[in-house]
Amino acid sequence: MTQPMLEALVDAIDKVALAHGDRAARELAEAGQWPAQLWRDLQDLGLAQACLAEEDGGVELSLADLWPLLGRLAFHALPVPIAESALALALAKQADCLPDARLHDQALSIGIVDAHLRVRGLSYGPICQAALVVIGQGDKASLAWVYRPSEQEGFRPARNLAGEPCCDLQFTAKSLGDLSQIALPHADRWLMQAGALLRSVQMSHAMSKALQLSLQFANERVQFGKPIGKFQAVQHMLAVMASEVAAASAIVGSASEAFAGASWPDPVDAHRCEWWVGAAKARCGEAAAKVFEIAHQVHAAMGYTREHMLHVTTRRLLAWRDSFGAEHYWQSRLGHQAIELGADKLWAKLVQA
């Protein structure tokens, strides 16, 4: 995608956010009212179907081109599952298991069935029409579409820290067996990485938003006759915050390139990508904690009120931080791989990655 096209799409997203991003609309969404017009306006931009072929309603955009657009949605904290829907369709296309064409413009999600036959925290599960899930592990992994999750017998609705609808799904061996499964070795690893990379992209852009809000507040809030941003202590905090945002954005960019250049679901490429994706998710998780802390310190009591928009961003940071593996999960995985490689091969592996 050319730079002018990317800028045009980002500008279009900004305009939709301006039209639908007021506090009243967000509170209605958190109260359970589906923002139908927001969903339609974003669907008119073709973001969810962008990776599909033209005959399927898309423009064959690559995931590398799609990440900045999904990140921009996170920057504005828009309460609709465009990102989850886009990733579900992109992965399904690569696995050659697209759902019925009538679902291409519907709300979709992705999840992983664990060893207890359960999907935890399925994002937007109560309102999505279908979810792409991975069943099993390693050579025995498979993909399946779960249609209308809210109608499943083991459906348990909830809301995450950001106030977004989610759910747990509890399957039985029989209900899983009734799903139309497509054998795809190592799909579990790929779906986990794809979800972690999505959350990393979203967190990096949300942290940029928190930084923007903090800089604006520091320049406008006057204490002792001058803006608080003129005080050295506040300047130091903002500098630390900016460095965390920059570090997160840099590692996410590298992880996005690695993931885009891999052959899905090749297990060798999955192993190689895990270094970058795991590092990105762990680093974004660490940065999110610091950005959250500093942003609310700068805003003081004002940042904790419902009236201010900061919490819309920071609550999502906390929710995305735990989604598809918190930093300790990915640090553990990378640590075990480093130990298995040993001292002689570790550096070569890092350079190769």
Side-chain angles (χ1 to χ4, degrees), residues 1-21 35-110 123-124 128-132 143 145 182 184 187 190-191 193-195 197-202 204-205 252-266 269 273 277:
M1 180 170 55
T2 64
Q3 187 63 26
M5 184 184 299
L6 173 61
E7 292 175 356
L9 284 171
V10 168
D11 183 60
I13 293 172
D14 291 345
K15 290 179 179 177
V16 172
L18 183 62
H20 300 283
Q37 190 58 52
L38 170 61
W39 175 260
R40 286 193 293 269
D41 287 351
L42 289 174
Q43 281 288 26
D44 287 343
L45 299 180
L47 298 177
Q49 304 85 16
C51 288
L52 300 183
E54 290 186 19
E55 57 267 25
D56 294 319
V59 292
E60 299 190 67
L61 208 64
S62 69
L63 269 175
D65 290 329
L66 189 62
W67 294 127
L69 302 176
L70 301 185
R72 195 63 181 179
L73 296 173
F75 180 86
H76 293 295
L78 297 176
V80 287
I82 290 289
E84 290 82 357
S85 299
L87 186 57
L89 289 176
L91 296 178
K93 175 195 172 185
Q94 293 185 25
D96 196 24
C97 63
L98 284 172
D100 188 279
R102 289 172 294 182
L103 289 174
H104 290 183
D105 62 350
Q106 299 297 309
L108 306 173
S109 191
I110 58 172
S123 183
Y124 286 93
C128 72
Q129 295 300 303
L132 181 67
L143 286 175
W145 283 99
I182 298 176
L184 196 67
W190 277 106
L191 195 70
Q193 289 183 27
L197 182 53
L198 171 62
R199 297 308 187 212
S200 299
V201 169
Q202 291 176 312
S204 69
H205 284 77
V252 166
S254 297
S256 300
E257 291 178 5
F259 193 86
S263 299
W264 195 80
D266 187 291
D269 277 2
C273 283
V277 174

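What's counted below: heavy atoms across the whole structure, side chains too, no hydrogens, waters or symmetry copies. Remember, it's a predicted structure, so these values are computed and weren't measured experimentally.
Scanning for side-chain hydrogen bond (donor to acceptor under 3.5 Å, both in side chains) contacts around Gln49 gives Gln43, with sequence neighbours left out. With sequence neighbours excluded, no residue forms a side-chain hydrogen bond (donor to acceptor under 3.5 Å, both in side chains) with His104. The side chain to side chain contact (heavy atoms under 4.5 Å, CB included) search around Ser123 returns Glu84, Ser109, Arg199, not counting sequence neighbours. For Asp11, the salt bridge (charged side-chain N to carboxylate O under 4.0 Å, His left out) partners are Lys15, not counting sequence neighbours. Judged as a side chain to side chain contact (heavy atoms under 4.5 Å, CB included), and not counting sequence neighbours, the contacts of Leu6 are Met1, Gln3, Val10, Pro68, Leu69. Take Gln106 and apply the side-chain hydrogen bond (donor to acceptor under 3.5 Å, both in side chains) test, not counting sequence neighbours, and it matches no residue. With sequence neighbours excluded, no residue forms a side-chain hydrogen bond (donor to acceptor under 3.5 Å, both in side chains) with Glu257. Here Asp41 pairs with Val16, His20, Gln37, Asp44 under the side chain to side chain contact (heavy atoms under 4.5 Å, CB included) rule; sequence neighbours left out.
Side-chain contact check for Trp190 versus Cys273: some heavy-atom pair is nearer than 4.5 Å. With a 4.5 Å cut-off on side-chain heavy atoms, Ser256 and Val201 count as touching. Looking at Leu143 and Leu91, their side chains never come closer than 4.5 Å, going by heavy atoms from C-beta outward. Here the side chains of Leu108 and Leu89 are in contact, with some heavy-atom distance below 4.5 Å. Using a 4.5 Å heavy-atom cutoff, the side chains of Trp67 and Leu87 are in contact.
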Between side-chain atoms of residues 74-81 and protein atoms elsewhere (two or more places apart, or another chain), which donor-acceptor pairs fall under 3.5 Å?
from: His76; atom 1: NE2; to: Asp14; atom 2: OD1; distance (Å): 2.6

Which atom pairs, one a donor and one an acceptor, fall under 3.5 Å between side chains of residues 53-64 and the rest of the protein, sequence neighbours left out?
from: Ser62; atom 1: OG; to: Asp65; atom 2: N; distance (Å): 3.2
from: Ser62; atom 1: OG; to: Asp65; atom 2: OD2; distance (Å): 3.1

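A distance of 6.0 Å separates CG of Leu73 from CG of Leu47, quoted to the nearest 0.5 Å. We find the CD1-SG distance between Ile110 and Cys128 to be 11.0 Å, quoted to the nearest 0.5 Å.
The shortest heavy-atom contact between Leu45 and Ala12 is CD2-CB, 3.7 Å. Scanning both residues, Phe259 and Val277, for their nearest heavy atoms gives CD1-CG2, 4.3 Å. Here the closest heavy-atom approach between residue Val252 and residue Ser200 is recorded as CG2-O, 3.7 Å. Summarising the geometry of Lys93 relative to Leu98, their closest heavy-atom pair is N-CD2, 3.8 Å, with the distance given to 0.1 Å.
Listed by first and then second residue, the ring-ring contact (aromatic ring centres under 6.0 Å, His included) pairs involving residues 38-65 are Trp34-Trp39 (not counting sequence neighbours).
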